2 protein chains.
Amino acid sequence: MLSNASKYAIRTVLFLAKNSSPKKKIGARHIADSLEVPQQFIAKILQKLVKANIISSAKGPGGGFYTNTKNLKGNLLDVLSVIEKNDIFSECFLGLPVCGDENPCPVHDIVSVFKEALLERFQNKSIKTIADEMERDGTLITLKNII
Amino acid sequence: MLSNASKYAIRTVLFLAKNSSPKKKIGARHIADSLEVPQQFIAKILQKLVKANIISSAKGPGGGFYTNTKNLKGNLLDVLSVIEKNDIFSECFLGLPVCGDENPCPVHDIVSVFKEALLERFQNKSIKTIADEMERDGTLITLKNII
DNA sequence: GTAATAAAAGACCAATTAATCTTTTATTAA
DNA sequence: TTAATAAAAGATTAATTGGTCTTTTATTAC
């Protein structure tokens with residue numbers, strides 16, 4: 001459903017939301033180590049996220065990646081749309097071109113409930129809200145809690 | 001989440017369950033046309049399904065693919081396990097290696113409800129049952145209802 | 001047996017995704 | 001102004017998935 005790139009992107013954004021700030025920037029290497037993902041690959045993803053204004057960055061010594069208050073108001077649906085080319089919320093689980101409420105596939109009922117719940121979370125909750133709820137609910141994007 | 005190969009495989013098996021029998025075999029070309037998928041590709045998938053005893057086949061004139069009563073007792077989980085290399089029911093939606101009830105990711109709650117519902121349908125219902133429910137519920141695996 | 005039919009098998013090619021390597025640019029601090 | 005640092009950019013390679021082509025084998029009907 002999601003490419004590795006999208007999975008890494010979502011985890012990265014939440015990692016920065018939880019651990020960074022304009023005063024606490026984090027380097028690509030550190031992010032890669034913390035999330036246990038390939039460093040060079042995550043660097044490319046970080047570039048895209050910066051270009052799309054989803055996260056922020058600074059070059060040079062003391063530089064790195066971080067989220068500012070504006071970034072934190074974004075949502076995870078935007079993260080997906082930057083990385084993923086197809087909209088996962090519109091494609092049929094069994095690949096039916098016509099699948100929808102009028103022409104449902106044999107798992108349309110189950111899948112659409114799931115998609116609605118996920119879309120609600122990805123669209124209507126800010127990155128900040130999700131990061132806060134991670135604290136509250138004890139959910140994780142890595143076990144390696146560095147910093 | 002599912003590869004094209006798996007999507008085609010599931011649709012093919014259900015197509016045969018609905019339209020074929022030991023007395024009514026269907027050729028690869030006809031299946032490809034009906035489901036609107038690449039013929040040569042589906043031929044490869046059909047081979048695997050036959051080898052795994054999920055569907056049946058006969059060579060020569062009047063030959064083709066079909067499901068017999070034994071085939072119809074199988075389930076869609078077996079179809080997946082023949083085609084897909086990773087178990088979609090065990091991997092984390094966000095790619096967390098440790099994700100589970102003890103170490104949930106931020107969407108684990110939503111995703112596990114979905115997976116349970118899907119697994120129940122794929123594991124506990126026979127192919128025959130799903131095909132029957134398709135009639136009852138009016139769900140589809142193609143709009144092109146040939147035959 | 002021969003011709004036609006259709007699946008099986010194996011090799012092959014194309015496209016996408018994943019990942020890496022190298023060079024450039026911007027920033028900082030000495 | 002130089003050295004160090006770290007992101008940006010671009011090119012390249014590797015792996016996986018998707019798809020096609022060609023040959024072989026089995027079956028049927030004549």
Side-chain angles (χ1 to χ4, degrees), chain A residues 1-12 16 20 22-33 35-68 71 80 82-86 88 91 95, chain B residues 1-12 16 20 22-33 35-68 71 80 82-86 88 91 95:
Chain A
M1 204 148 205
L2 293 189
S3 62
N4 280 359
S6 292
K7 293 176 182 176
Y8 297 167
I10 290 178
R11 292 172 64 206
T12 297
L16 291 176
S20 79
K23 290 183 174 169
K24 197 160 107 198
K25 308 187 177 77
I26 306 180
R29 184 175 312 167
H30 188 132
I31 296 172
D33 287 351
L35 300 181
E36 297 177 274
V37 300
Q39 197 222 297
Q40 306 264 45
F41 192 36
I42 204 71
K44 280 291 163 198
I45 294 167
L46 285 160
Q47 280 180 29
K48 285 192 191 178
L49 294 172
V50 169
K51 210 177 248 178
N53 293 310
I54 289 171
I55 62 174
S56 306
S57 71
K59 287 182 175 182
F65 299 90
Y66 62 98
T67 43
N68 58 30
N71 296 145
L80 281 190
V82 167
I83 307 293
E84 204 82 11
K85 78 173 67 171
N86 337 320
I88 65 159
E91 53 194 16
Chain B
M1 203 148 202
L2 293 188
S3 62
N4 280 0
S6 292
K7 293 176 182 174
Y8 296 167
I10 290 178
R11 292 172 65 205
T12 296
L16 291 176
S20 80
K23 290 183 175 170
K24 196 161 108 199
K25 308 187 179 75
I26 306 180
R29 185 175 312 166
H30 188 132
I31 297 172
D33 287 350
L35 300 181
E36 298 177 275
V37 301
Q39 197 220 298
Q40 305 265 44
F41 193 35
I42 205 71
K44 281 291 162 197
I45 293 168
L46 285 161
Q47 279 181 30
K48 285 191 190 177
L49 294 173
V50 169
K51 209 177 248 176
N53 293 311
I54 289 171
I55 62 175
S56 305
S57 71
K59 286 184 177 182
F65 299 91
Y66 62 97
T67 43
N68 58 29
N71 295 146
L80 281 190
V82 168
I83 308 291
E84 205 82 11
K85 79 173 66 168
N86 335 323
I88 65 158
E91 53 194 17

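All values below were derived from every heavy atom in this structure, side-chain atoms included, with hydrogens, water molecules and symmetry-related copies excluded. Keep in mind that what you see is a predicted model, and the values were worked out from it rather than measured. Labels below follow one simple rule: chain letters A, B, ... track the order of the sequence lines, proteins then strands, and each chain is numbered from 1.
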*Member of B:T67, B:V82, B:L16 meeting the side-chain contact (heavy atoms from CB on, under 4.5 Å) criterion with B:I54*: B:V82
*Minimum-distance nucleotide (side-chain atoms of A:K59 versus D:dT25, C:dA4, C:dT27)*: C:dT27
*Between D:dG19 (C1') and B:I45 (CD1): distance, integer Å*: 10 Å
*Do B:I10 and B:K7 touch side chain to side chain, with heavy atoms closer than 4.5 Å?*
no
_Whole-Å gap separating P (D:dT5) and CZ (A:F65)_ = 17 Å
Would you tabulate the nitrogen or oxygen pairs shorter than 3.5 Å linking the protein to nucleotides 11-13 of chain C?
none

*asked:* Rounding to an integer number of Å, can you tell me how far A:K25 NZ sits from D:dA8 P?
replied: 13 Å
*Whole-Å distance between D:dA6 C1' and A:K24 NZ?*
19 Å
*Which part of the nucleic acid, if any, lies within contact of B:K7, taking any heavy atom under 4.0 Å across all strands shown: a base, the sugar-phosphate backbone alone, or nothing?*
nothing
_I need the B:I31 CD1 to B:Q39 CD distance, nearest 0.5 Å._
9.5 Å
*Within this structure, what is the CD-to-C1' distance between A:Q39 and D:dA6, rounded to whole angstrom?*
11 Å
*How close or far is atom C1' of D:dT17 from atom CD1 of B:I83, stated in whole angstroms?*
13 Å
*Assign each of B:G62 and A:G62 to its nearest nucleotide of DNA chain C by heavy atoms, then name whichever residue's nucleotide is nearer the 5' end.*
B:G62
*Under-3.5 Å donor-acceptor pair between A:Q47 side chain and D:dA7 base*: no
*asked:* Rounding to an integer number of Å, can you tell me how far A:I31 CD1 sits from D:dA8 P?
replied: 11 Å
*Under the criterion side-chain contact (heavy atoms from CB on, under 4.5 Å), which of B:I42, B:I26, B:V37 is the partner of B:T12?*
B:I42
_Using the ring-ring contact (aromatic ring centres under 6.0 Å, His included) criterion, which residues pair with A:F65? Sequence neighbours excluded._
none
_Whichever of B:G60 and B:N86 has its nearest DNA chain D nucleotide further upstream toward 5'_ = B:N86
*Looking at OG of B:S6 and CD1 of B:I88, how far apart are the two atoms once the value is rounded to the nearest 0.5 Å?*
8.0 Å
*Using a cut-off of 4.0 Å on non-hydrogen atoms, how would the nucleic acid contact of A:A43 be classed: base, sugar-phosphate, or nothing?*
nothing
*Hey, which of these two, A:L46 or B:F41, hits DNA chain D nearer its 5' end, going by closest nucleotide?*
A:L46
*asked:* Does B:K85 reach a base, just sugar-phosphate, or nothing at all? Heavy atoms under 4.0 Å.
replied: sugar-phosphate
*Looking at NZ of A:K48 and NZ of A:K44, how far apart are the two atoms once the value is rounded to the nearest 0.5 Å?*
9.0 Å
*Would you mind telling me which of D:dG19, D:dC21, C:dA19 lies closest to the side-chain atoms of B:Q40?*
D:dC21
*asked:* OP1 or OP2 of D:dT17 versus the side-chain N and O atoms of B:N4: is any pair under 4.0 Å?
replied: no
*Could you work out which one of D:dG19, C:dA19, D:dA7 sits closest to the side chain of A:S57?*
D:dA7
_With heavy-atom distances below 4.5 Å as the criterion, would you say the side chains of A:L2 and A:I83 are in contact?_
no
*Let me know, please, whether A:P61 or A:P38 comes out on the 5' side of the other along DNA chain C by nearest nucleotide.*
A:P38
*Look at A:Y8 and C:dA18 and indicate whether a side-chain polar atom (N or O) is within less than 4.0 Å of OP1 or OP2.*
no
*Between D:dA7, D:dG18, C:dA18, which nucleotide has the shortest distance from any of its atoms to the side chain of B:S3?*
D:dG18
*Please report, rounded to the nearest Å, how far the C1' atom of D:dG19 is from the CD1 atom of B:I42.*
12 Å
